[in-house]
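Atoms within each ligand, like the ligands themselves, are counted from 1 in listed order. Since the structure is predicted, the reported quantities are computational estimates derived from the model, not experimental observations. Heavy-atom basis, side chains included; hydrogens, waters and symmetry copies ignored.
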Amino acid sequence: MNVFNTLGRRIEGFVPYEPHTVKMYVCGPTVYDEVHIGHGRTFVSFDAISRYLRTKGYNVIRVQNITDIDDKIINKAKEIGKPWNEVSEHYSRSYLELLNSLKVKVDIHPKVTTHIKEIIDFVQKLIEKGNAYVANGSVYFDVNTYEKYGQLSNVKKEEWDQGEEIVKEKKHSYDFALWKAHKEGEPYWESPWGKGRPGWHIECSTMSTRYLGDQIDIHGGGMDLVFPHHENERAQTEALTGHTWVKYWMHVAFLTIKKEKMSKSKGNIIPLKDALNKYGPSTLRYWYLSSHYRNNVEYSEEILDQSAKSLQRLKDAISVLRKIIQEEPQHYAEDDDVRTQREIVSVISRFDEHMENDFDTANALTDIHELASIVFSKLQYTEDVFGALIALDGFRKFNSVFAVMDEEFSAELDQLAKVIDAVIEVRNYLRKKQMYDLSDQIRDILARGGIKVLDSKEGSTWRFQ
Ligand SMILES: Nc1ncnc2c1ncn2[C@@H]1O[C@H](COP(=O)(O)OP(=O)(O)OP(=O)(O)O)[C@@H](O)[C@H]1O
Ligand SMILES: [Zn+2]
């Protein structure tokens, strides 16, 4: 399997540190406002990546932090006149609910404010190793002590300034804060350097090493995080451990609106909650995954509507397959059926090839539509139960990565089928005893529930209408 690594900007073979496990850390949101569909794109992209890795047999452990203390949270609290922790708790709860609705699986959601002790320890060790210095109650990372700085982002030294963080007490303008000295009216924690609070970058290094150890396989986030956030995280962590930290740096391109990055600060967001209400999780996920994660995606209502239709096409193909599967299997296949079966197998393996090529969900989706075309143009007119079963497995595999039609493959459906089988068995008995009134009544009741009963001399079968 090949993966594009932002570090070095090249495609590399995927070999995790440990043979059967993938450790993944994704930067989560700063909880001061509504989660928007741009965030959703990044979270779903990593969800599909981890789902695919699971289908390959890896144990995936995914950590995604919640930044619950930050300038933006403090400012928002001041603006609306509420305590800062009320703001972060409110948005953090809403973020977790939305992730759940969007079917994004995260194993651990660590929050900054419950890891202050670990952050202080991390910073203390960096000071002891000579990579950080105290100035005026704040602690800064001395960028000159980490020689690989700038390699991840390819940002040149002249552009290393840390944005808003231009403070006189720093040795160099590009040094960044690990710990920020307390300012009047702001929340603080006690530390060896006095009252203060953690800087942004240190939280990810600390929480990632705490839950995933000194080395991780995948570190991800949106493209906007490459510099300075990930450059800084890398510097801190590798300075502390003295060895390579992340094996594959992966970054998701932007969700744009009118060609601009969707962003809270630009005020051009569509809240994820609204989009979920309007389109539902499956259509949204389908839309997100219909582009390669490294290409920008422009928001468009028409394309979302189109996504809903395309997804329905796949569901229709599955209904056709379910009907065929109700037939009695023939233990001999015609030449045409054998040819179609081969075509199905080769389309499904193309799906895998595309996923193996840097998680190319866009082309993998095209393969699945080709599978649907085979169902509509060929399988539909046959009674090839075996061909239908192979195709259904392809759709199942697709869904285990995309998670856009869980209802079609749910255990409840299997359960329901067992119940219907039992009802049909009872009805067969009634028919044998010539109790036709009762058996007709059962048939009508099932029909009302969308289940068609097919009677023959040998007994009855059923299918979903
Ligand atoms: N428009 C977008 N498209 C794709 N990913 C995004 C977009 N906006 C943010 N992300 C990603 O979502 C995750 C959480 O973002 P975070 O809360 O840090 O965003 P933010 O920068 O505060 O939000 P905003 O950019 O809206 O002000 C990060 O991995 C970030 O890169
Ligand atoms: Zn981070």
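A salt bridge links Glu18 with Lys23: the closest approach of a Lys/Arg side-chain nitrogen to an acidic carboxylate oxygen falls below 4.0 angstrom. Between Lys315 and Glu407, at least one side-chain N (NZ, or NE/NH1/NH2) sits under 4.0 Å from a carboxylate O, which counts as a salt bridge. Checked for salt-bridge contact, Asp47 and Arg51 meet the test: a charged N lies under 4.0 Å from a carboxylate O. Classification of Glu186 and Lys180 as a salt-bridged pair fails, no side-chain N sitting under 4.0 Å from a carboxylate O.
Around the Zn ion (ligand 2), protein N, O or S atoms at a distance under 2.8 Å total 4; waters are neither shown nor counted.
Contacts between Lys264 and ligand 1, counted as non-hydrogen atom pairs separated by less than 4.0 Å, involve both the backbone and the side chain. At a heavy-atom distance under 4.0 Å, only side-chain atoms of His36, from C-beta outward, approach ligand 1. Residue contacts with ligand 1, taken as heavy atom pairs separated by less than 4.0 Å, do not involve Met223 at all.
Taking any N or O of Thr42, backbone or side chain, at least one lies under 3.5 Å from an N or O belonging to ligand 1. No N or O atom of Phe43 sits closer than 3.5 Å to an N or O atom of ligand 1. Remark: ligand 1 and Phe254 share no N or O pair separated by less than 3.5 Å (distance only, no angle test). In terms of polar-atom proximity, Gly28 is not counted as a contact of ligand 1, lacking any N or O under 3.5 Å from an N or O of the ligand.
No hydrogens or angles considered: nothing links the side chains of Ser307 and Arg285 as a donor-acceptor pair under 3.5 Å. No hydrogens or angles considered: nothing links the side chains of Asp68 and Tyr91 as a donor-acceptor pair under 3.5 Å. Under the 3.5 Å distance criterion, with hydrogens and angles disregarded, a donor-acceptor pair is assigned to the side chains of Gln312 and Asp316. Side chains of Glu233 and His229: a donor-acceptor N/O pair is present below 3.5 angstrom, by distance only. Between the side chains of Asn357 and Asp360, no donor-acceptor pair is found at a separation under 3.5 Å.
Ligand 1 places these atoms under 4.0 Å from at least one heavy atom of Met262: 1 (N), 2 (C), 8 (N). Per-residue contacts place Leu255 under 4.0 angstrom from the following atoms of ligand 1 (heavy atoms of the residue considered): 1 (N), 2 (C), 3 (N), 4 (C). In summary, the atoms of ligand 1 found under 4.0 Å from a heavy atom of Tyr32, numbered by their order in the structure, are 27 (O). Atoms of ligand 1 lying under 4.0 Å from any heavy atom of Cys27, numbered from 1 in the order shown and given with element: 13 (C), 28 (C), 29 (O). Counting the atoms of ligand 1 from 1 in the order shown, those under 4.0 Å from a heavy atom of Gly221 are 29 (O). Close approach of ligand 1 to Ser265 (heavy-atom distance below 4.0 Å) involves ligand atoms 27 (O).
For the side-chain hydrogen bond (donor to acceptor under 3.5 Å, both in side chains) test, no residue two or more places apart in sequence or in another chain qualifies with Trp249.
Protein heavy atom nearest atom 30 (C) of ligand 1, with residue, atom name and distance: Asp224 OD1, 3.7 Å. From the protein, the heavy atom lying nearest to atom 6 (C) of ligand 1 is Gly38 O, 3.5 Å. The shortest contact between atom 22 (O) of ligand 1 and any protein heavy atom is with Lys72 NZ, 3.2 Å. The protein heavy atom nearest to atom 19 (O) of ligand 1 is His39 NE2, 3.4 Å.
The number of heavy-atom neighbours closer than 6.0 Å to NZ of Lys266, taken from other residues, nucleotides and ligands shown, is above 12. Counted within 6.0 Å of NZ on Lys264, heavy atoms from surrounding residues, nucleotides or ligands total more than 12; the atom is thus considered enclosed.
Taking only non-hydrogen atoms, the option from Gly222, Ala253, Gly40 nearest to atom 29 (O) of ligand 1 is Gly222. Atom 18 (O) of ligand 1 has its nearest heavy-atom neighbour, among Asp70, Val31, Thr30, in Thr30.
Contact annotation: Leu225 has at least one heavy atom less than 4.0 Å from an atom of ligand 1. At least one heavy atom of Lys261 sits closer than 4.0 Å to an atom of ligand 1.
The cationic atom of Lys195 (NZ for Lys, CZ for Arg) lies less than 6.0 Å from the six-membered ring centre of Tyr188 and within 45° of the ring axis.
Thr209 pairs in a side chain to side chain contact (heavy atoms under 4.5 Å, CB included) with only one of the listed residues (Leu240, Thr237, Ile216), which is Thr237. Partner of Lys170 under the side chain to side chain contact (heavy atoms under 4.5 Å, CB included) criterion, chosen from Phe141, Phe176, Tyr133: Tyr133.
Side-chain atoms of Ser208 never come within 3.5 Å of backbone atoms of Ser205 as a donor-acceptor pair (strictly under, hydrogens ignored).
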